[in-house]
Protein chains: 2
Amino acid sequence: MYNEIDYTLMATVRDVAERAGVSPITVSRVINNAGYISGATRAKVEAAIAELGYVPNTLARSLRSKRSHTLAFITTDITNPFFTSMARGIEDAASAAGYTVLFCNTDESVEKEDRYVRLLLQKQTDGILLVPAGSSPRSVDLLRSQDTPVVVLDRAIEPLKADVVRCDSVRSSYDLIRVLLERGHRRIAALGGPVGISTADDRIAGYTHAMKEAGLPTRDLVIYGQFTESSGFEMAQSVLALSPRPTGLFATNNFVALGAIRAIEAHGLRIPQDVSVVAFDDVPPVLAQYAFLTVIAQPAYQMGQKAVELLLQRLQDEAPPEYRQVILPTHLIVRGSVGLAPDARGSVVTAPK
Amino acid sequence: MYNEIDYTLMATVRDVAERAGVSPITVSRVINNAGYISGATRAKVEAAIAELGYVPNTLARSLRSKRSHTLAFITTDITNPFFTSMARGIEDAASAAGYTVLFCNTDESVEKEDRYVRLLLQKQTDGILLVPAGSSPRSVDLLRSQDTPVVVLDRAIEPLKADVVRCDSVRSSYDLIRVLLERGHRRIAALGGPVGISTADDRIAGYTHAMKEAGLPTRDLVIYGQFTESSGFEMAQSVLALSPRPTGLFATNNFVALGAIRAIEAHGLRIPQDVSVVAFDDVPPVLAQYAFLTVIAQPAYQMGQKAVELLLQRLQDEAPPEYRQVILPTHLIVRGSVGLAPDARGSVVTAPK
DNA sequence: TTGTAAGCGTTATCAC
DNA sequence: GTGATAACGCTTACAA
């Protein structure tokens with residue numbers, strides 16, 4: 001019996017080494033540009049690599065070196081333009097640093113999230129970018145127990161045991177409500193998201209703060225639901241049925257806003273003549289010219305980039321021991337969906353100091 | 001010297017085996033539900049797995065089994081809603097079959113595509129879903145040389161050496177132009193994409209066919225550019241400067257359409273009173289209610305699903321030896337962006353048989 | 001500057 | 001039903 005080389009199989013370092021008349025480790029050094037290699041040896045090895053059409057096996061490399069150079073982005077729905085931009089920011093930053101990214105959609109289900117986290121752990125993913133589906137630190141804890149660093153995006157979870165990149169939902173919502181108050185609106189309803197999700201809670205908190213500060217009641221005007229279009233439709237239906245009808249609507253998310261607009265149209269009401277609308281999240285940049293909603297735009301792409309930056313720092317032990325919280329600034333864009341309150345009788349509330 | 005077990009390190013099959021008093025291979029069988037295992041043994045092993053918090057290492061598994069259970073989707077820009085939906089269809093189908101998906105953006109650059117293909121090859125990706133950046137079969141050839149199956153999406157490349165899932169751009173464009181012809185338009189300009197990209201070429205072909213059939217000239221009315229908003233803007237600028245001005249515009253892609261609309265507005269013209277517009281690709285489903293463009297909608301999500309189906313068949317050797325071409329039906333949606341030609345004097349072209 | 005030996009964590013193969 | 005052994009392709013540690 002003799003060694004039989006099957007040239008139909010994919011070449012390995014061993015094959016290349018044999019062909020170049022060197023040892024496998026020398027081939028490895030050439031591939032990785034590591035250590036000292038003489039020009040002649042390098043040339044021989046590179047020739048052999050070309051002749052055999054050799055492609056290094058990253059799996060084997062990762063197994064040995066304990067680094068997969070793969071990150072994962074777990075989000076609720078990549079189809080939401082907000083998360084699509086974020087994903088693009090993540091991909092660009094990761095790719096520039098030599099990492100590839102796995103994308104996972106949880107559809108706001110903690111079970112799916114849990115399944116993905118376990119899968120990614122098995123795949124030896126170096127780090128995870130997570131938009132948590134729930135409010136519990138469960139996934140973060142599981143990842144920490146396996147020494148896999150996480151950066152939490154968009155939403156906060158308590159207690160804080162990971163770096164976080166997000167925006168200030170409380171403050172931004174406050175600003176949005178002020179836009180309505182300054183135009184004389186006094187009955188303003190808030191269409192909320194899922195209770196427990198930090199962004200949902202914070203946005204309601206910002207609304208409540210602005211209303212209380214203006215001495216206005218919020219009873220019956222706050223309603224909770226899901227971050228979906230159908231939920232937005234239903235929530236809007238129910239607040240539009242109130243008497244007297246609110247003159248301002250605050251949609252806490254882009255999908256909710258779309259549902260709300262549909263409901264307003266279904267009621268035969270006009271925006272902004274009958275009802276003014278403000279919302280969180282802008283339309284995708286490419287559609288910006290058709291936008292008519294007054295919104296708080298969040299820097300999704302930059303959030304993705306920043307999160308990767310923090311994650312890579314952790315992976316390279318360049319991060320401080322304590323967890324960091326990066327709050328990126330939002331951008332208020334006032335458009336045609338807001339107008340003076342129809343019932344404003346000169347009693348327009350002015351901006352506080 | 002004795003064997004020292006470091007419990008701070010991640011547990012392996014060996015650790016689990018030791019703890020359960022069985023051999024590593026038995027643990028492997030339990031994990032994979034393969035072969036015969038007695039209930040008692042299985043229980044012991046599962047207990048040990050739980051106690052140690054054992055997580056199998058997929059890298060090692062893949063190295064040995066030659067299956068990474070990972071697919072990759074290479075597209076030009078995930079930020080384009082058309083590709084976002086496609087990505088979601090891919091993710092859902094792949095995930096249901098136990099595969100994870102890597103997403104790669106090439107920004108229409110063949111160099112980036114090439115780099116990604118090599119990277120994915122190194123990562124032992126089981127199969128690739130490719131929206132080719134160029135017209136050459138280069139990437140497909142490279143993948144074939146390494147026995148990695150590919151399914152080409154959206155665009156055709158010649159010669160055909162892979163399964164393809166796409167729509168009929170020629171026929172769909174023809175239908176779109178007929179909408180204009182039937183409303184009396186005679187001067188219709190086409191804003192094309194990059195020459196060489198099959199969808200771009202096919203859409204112009206469909207346009208040309210409809211025009212020729214109606215006995216209308218196309219000279220000076222066809223212009224080529226990129227599938228971007230800025231290119232759409234520039235192309236529209238130049239055709240709107242023609243004299244006599246075209247009364248109908250055909251944008252061969254969603255981004256091109258957005259640029260065209262911006263140019264029309266910049267010229268102080270109204271849609272559809274002065275210019276009617278038809279385009280390829282619908283707005284994202286969630287924004288459908290604000291859509292006013294007459295479009296050909298392509299079933300992006302289903303295209304993604306179907307492509308994964310074909311790819312998995314290849315991976316499981318359930319596919320026929322010849323390459324398959326799946327043409328999915330498109331959907332014509334007539335909306336307010338088209339009207340009667342301003343210069344139509346009763347001479348409206350009627351539909352052919 | 002280059003090489004030897006060993007092992008990363010898993011599973012294929014064959015044996016009992 | 002279960003186990004011993006080797007091997008997947010690469011790189012770390014140590015030598016020369």
Side-chain angles (χ1 to χ4, degrees), chain A residues 1 3-6 9-45 48-49 52-69 121-126 146-147, chain B residues 1 3-6 9-45 48-49 52-69 121-126 146-147:
Chain A
M1 196 124 139
N3 258 343
E4 198 180 325
I5 299 174
D6 185 352
L9 253 41
M10 289 202 334
T12 70
V13 265
R14 219 199 241 35
D15 302 329
V16 175
E18 213 164 291
R19 179 127 187 167
V22 299
S23 76
I25 185 64
T26 302
V27 175
S28 170
R29 291 203 256 254
V30 170
I31 299 168
N32 297 296
N33 274 315
Y36 302 94
I37 305 278
S38 75
T41 308
R42 152 162 276 129
K44 271 191 302 181
V45 171
I49 287 177
L52 295 173
Y54 167 72
V55 174
N57 184 328
T58 307
L59 248 39
R61 184 203 310 245
S62 300
L63 180 58
R64 190 69 245 246
S65 67
K66 308 252 179 220
R67 282 277 187 225
S68 65
H69 282 272
L121 239 19
Q122 298 187 187
K123 285 189 163 274
Q124 312 303 115
T125 309
D126 287 343
Q146 304 285 329
D147 289 319
Chain B
M1 197 124 136
N3 260 341
E4 199 181 323
I5 298 175
D6 185 353
L9 253 41
M10 289 203 334
T12 71
V13 266
R14 219 197 240 39
D15 303 328
V16 175
E18 213 163 291
R19 179 127 188 171
V22 299
S23 77
I25 187 66
T26 301
V27 175
S28 170
R29 289 190 179 117
V30 170
I31 298 167
N32 298 295
N33 272 316
Y36 301 95
I37 305 277
S38 76
T41 308
R42 153 163 276 128
K44 271 192 301 181
V45 171
I49 288 177
L52 294 174
Y54 167 73
V55 175
N57 184 327
T58 308
L59 248 39
R61 190 210 306 270
S62 299
L63 180 59
R64 189 69 246 244
S65 68
K66 309 251 179 223
R67 282 276 186 223
S68 65
H69 282 271
L121 239 19
Q122 297 187 187
K123 284 190 163 274
Q124 312 302 113
T125 310
D126 287 344
Q146 304 285 329
D147 289 319

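Below, chains carry the letters A, B, ... as their sequence lines are ordered, and counting in each starts from 1. No hydrogens, no waters, no symmetry mates; every other heavy atom, side chains included, goes into these values.
Comparing atom distances between the A/Leu63 side chain and each of D/dT11, C/dT10, C/dC8 picks out C/dC8 as nearest. Distance from the side chain of B/Arg29 is smallest for D/dT2 among the nucleotides D/dT2, D/dC10, C/dG9. Closest contact between the side chain of B/Ser65 and the listed nucleotides C/dG9, D/dC10, C/dA12 involves C/dA12. The side chain of A/Ile25 lies closest to C/dG3 when the candidates are C/dG3, D/dG1, C/dT2.
Residue B/Ile37 is classed as a sugar-phosphate contact, given heavy-atom separations below 4.0 Å to backbone atoms only. When heavy atoms are screened at a 4.0 angstrom cut-off, B/Thr41 is found touching the sugar-phosphate backbone but no base atom.
The minimum heavy-atom distance between B/Leu59 and A/Ser62, with the atom names listed, is CD2-CB, 3.4 Å. When all heavy atoms of A/Thr125 and A/Ser68 are compared, the closest pair comes out as CA-OG, 3.8 Å.
Not one side-chain nitrogen or oxygen of B/Lys66 sits closer than 4.0 Å to the OP1 or OP2 atom of C/dT11. Between B/Asn57 and the phosphate of C/dC8, there is no side-chain N or O to OP1/OP2 separation shorter than 4.0 Å. Residue B/Thr12 has no polar side-chain atom (N or O) positioned under 4.0 Å from OP1 or OP2 of C/dG9. Between A/Tyr54 and D/dC10, a side-chain N or O to OP1/OP2 separation shorter than 4.0 Å is present. Here B/Ser38 does not reach the OP1 or OP2 of D/dG1: none of its side-chain N or O atoms lies under 4.0 Å away. The side chain of B/Thr26 contributes an N or O atom lying less than 4.0 Å from OP1 or OP2 of D/dG3.
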Residue pair A/Val22, A/Lys44: steps toward the side chain to side chain contact (heavy atoms under 4.5 Å, CB included) verdict: CA-CA 9 Å; A/Val22 299; A/Lys44 271 191 302 181; 4.3 Å; yes
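Side-chain contact between B/Ile31 and B/Val13: present, with at least one pair of heavy atoms (C-beta onward) separated by less than 4.5 Å.
Between the side chain of B/Arg64 and the base of C/dT10, no donor-acceptor pair under 3.5 Å is found.
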